[in-house]
A.B. asks: 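Have a look at this one.
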Amino acid sequence: MPQNQQTVTVSASEQRARELLPIPEVLAELLPGGGLARGSVVSVDGARSMLLSMIAAITAAGGYVAVIGQPHLSLHAAAEMGADLSRIATVDGAPGFDPVEAAAVLLDGLDLVVVGLGGVSVPPSRSRAVMARARAKGAALVVTDGRWSGVQASLTAQVADYRHLPFRHLGHGRIAGMSLSVEARGRGTRGRHARVDVVHLDDRVQLVAAGSAAAPVNSPAVAPVSLSVAN
């Protein structure tokens, strides 16, 4: 073998890691395969902080995201989580707009496509075609606010409680974070539950495993962020 020629061996775990998109570790651990895989379709519903944290992590790492049919999703809150807004495209359709068709087109060339279904149920014949396109293009698809046949996994989060900075008397104080109750389900796997804290840490809002970190009592309040991502 020539001296300048080397054999590079990539383990199965390393190959899998290359195919996973960067999302908060506390969410990645709940998903089958240890994260959000390229080519997969995942349902995400409930507290918006969960979805925003995924968008923020992917764009902060250099990825590109499209958000379809989510006019009330707060990009300000995404920025507070570290998102690079220059890497996020938003598509809000007019009456008669087809979000599924838009998602199928945008899967080509993006890392993640988020589509709000507006409460509708996508028929299996159509969902299979879009899922095949996601696999072929190597993009992940996240669906919310509707039913999508054949998703590989689903994440649902509900606000469990809010944490307040110390206050002097009733009616005064600031929200410093909140806790989410997250349920994850995958095809052929048992459901998993976790409690996740939304905290202000290292100058941004983060999702961490409950009890692993806490916002310092002298940190700036994050009430606008917490409220906007929770509703």
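All heavy atoms count here, side chains included; hydrogens, waters and symmetry mates do not.
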A.B. asks: Rounded to the nearest 0.5 Å, how far does CZ of Arg147 lie from OG of Ser43?
C.D. replies: 9.5 Å
A.B. asks: Answer yes or no: is there a donor N or O on one side and an acceptor on the other, between the side chain of Asp145 and the main chain of Leu117, under 3.5 Å?
C.D. replies: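 Such a contact is absent between Asp145 side chain and Leu117 backbone.
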A.B. asks: Go through the steps to decide whether Ile23 and Leu31 satisfy the test side-chain contact (heavy atoms from CB on, under 4.5 Å), and finish with yes or no.
C.D. replies: CA-CA 11 Å; Ile23 63 172; Leu31 290 171; 3.8 Å; yes
A.B. asks: Is it the case that the side chain of Gln152 and the backbone of Val41 share a donor-acceptor pair, with hydrogens and angles ignored and the cut-off at 3.5 Å?
C.D. replies: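 It does hold such a pair.
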A.B. asks: With no hydrogens and no angle check, is any side-chain donor or acceptor of Arg126 less than 3.5 Å from a backbone partner on Val100?
C.D. replies: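 Looks like no, no N/O pair under 3.5 Å.
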A.B. asks: Say you draw a straight line from CG of Leu85 to OG1 of Thr59; how long is it, rounded to the nearest 0.5 Å?
C.D. replies: 7.5 Å
A.B. asks: Within this structure, what is the CG-CD distance for the pair Leu201 and Gln206, rounded to the nearest 0.5 Å?
C.D. replies: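 If I round to the nearest 0.5 Å, the distance is 4.5 Å.
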A.B. asks: Minimum heavy-atom separation for Asp197 to Ala210, with atom names?
C.D. replies: OD2-CA, 3.3 Å
A.B. asks: Does Arg48 reach the side chain of His72, with side-chain heavy atoms less than 4.5 Å apart?
C.D. replies: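 Yes, close enough: below the 4.5 Å cut-off.
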A.B. asks: If you compare all heavy atoms of Val198 against all heavy atoms of Ser49, which two are closest, and at what distance to 0.1 Å?
C.D. replies: CG2-OG, 4.1 Å
A.B. asks: Is there a path of hydrophobic side-chain contacts, each under 4.5 Å between heavy atoms of I/L/V/M/F/W/Y residues, joining Leu73 to Val114?
C.D. replies: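 In one cluster: yes.
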A.B. asks: Using modelled atom types only, decide if a donor and an acceptor are shared between the side chain of Ser127 and the backbone of Ser149 within a distance under 3.5 Å.
C.D. replies: yes
A.B. asks: Taking all non-hydrogen atoms of both residues, which atom of Ile88 and which atom of Ala83 are closest, and how far apart?
C.D. replies: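 Heavy-atom minimum between the residues: CD1-CB, 4.2 Å.
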A.B. asks: Should Val182 and Leu21 be regarded as members of a common hydrophobic cluster, given that ILVMFWY residues are connected when their side-chain heavy atoms come within less than 4.5 Å of each other, either directly or indirectly?
C.D. replies: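 Yes, one cluster joins them.
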A.B. asks: Tyr64 and Asp111: which non-hydrogen atoms are nearest, and at how many Å?
C.D. replies: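 Looks like N-OD2, 2.7 Å.
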A.B. asks: Should Val44 and Leu27 be counted in the same cluster of Ile, Leu, Val, Met, Phe, Trp and Tyr side chains packed under 4.5 Å apart?
C.D. replies: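 As far as the 4.5 Å side-chain criterion goes, Leu27 and Val44 are connected within one cluster.
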A.B. asks: State plainly whether one hydrophobic cluster holds both Ile58 and Leu106, where clusters connect Ile, Leu, Val, Met, Phe, Trp and Tyr through side-chain heavy atoms under 4.5 angstrom apart.
C.D. replies: no
A.B. asks: Any side-chain heavy atom of Leu51 within less than 4.5 Å of one from Gln70?
C.D. replies: yes
A.B. asks: Check whether any side-chain N or O of Glu80 sits under 3.5 Å from a backbone N or O of Val205 as a donor-acceptor pair, and report yes or no.
C.D. replies: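 Flag not set: sc Glu80 to bb Val205 has no pair under 3.5 Å.
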A.B. asks: Got Val115 and Val143 here, is their nearest side-chain heavy-atom distance under 4.5 Å?
C.D. replies: yes
A.B. asks: Check this for me: Arg195, atom CZ, are more than 12 non-hydrogen atoms of other residues, nucleotides or ligands nearer than 6.0 Å?
C.D. replies: yes
A.B. asks: Are any non-hydrogen side-chain atoms of Val113 and Val65 less than 4.5 angstrom apart?
C.D. replies: no
A.B. asks: Are a donor atom and an acceptor atom from the side chains of Thr144 and Asp45 found within less than 3.5 Å of each other?
C.D. replies: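 Distance-only check passes for Thr144 and Asp45.
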A.B. asks: Which atoms form the tightest heavy-atom contact between Ala61 and Pro22, and what is the distance?
C.D. replies: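 Heavy atoms of Ala61 and Pro22 come nearest at CB-CG, 3.6 Å.
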A.B. asks: When you group the ILVMFWY residues by side-chain heavy-atom contacts below 4.5 Å and let the links chain together, are Val151 and Val142 in the same group?
C.D. replies: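 Each belongs to a different hydrophobic cluster.
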A.B. asks: Do we see a donor-acceptor contact under 3.5 Å between the side chains of Thr90 and Asp92?
C.D. replies: no
A.B. asks: Restricting to non-hydrogen atoms, name the atom on Gly35 and the atom on Leu20 that form the minimum distance, rounded to 0.1 Å.
C.D. replies: C-CD2, 4.0 Å
A.B. asks: Taking the side chain as every heavy atom from C-beta outward, state whether Met81 and Met54 have any atom pair closer than 4.5 Å.
C.D. replies: no
A.B. asks: Mind checking what makes side chain to side chain donor-acceptor pair (under 3.5 Å) contact with Ser86, not counting sequence neighbours?
C.D. replies: Asp84
A.B. asks: Can I get a per-line list of side-chain donor-acceptor pairs under 3.5 Å for residues 133-141, giving both atom names and the distance, sequence neighbours left out?
C.D. replies:
{"from": "Arg133", "atom 1": "NE", "to": "Ala104", "atom 2": "O", "distance (Å)": "2.4"}

A.B. asks: Checking Arg87 side chain against Gly62 main chain: does a donor-acceptor pair fall under 3.5 Å?
C.D. replies: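 Checked: pair present.
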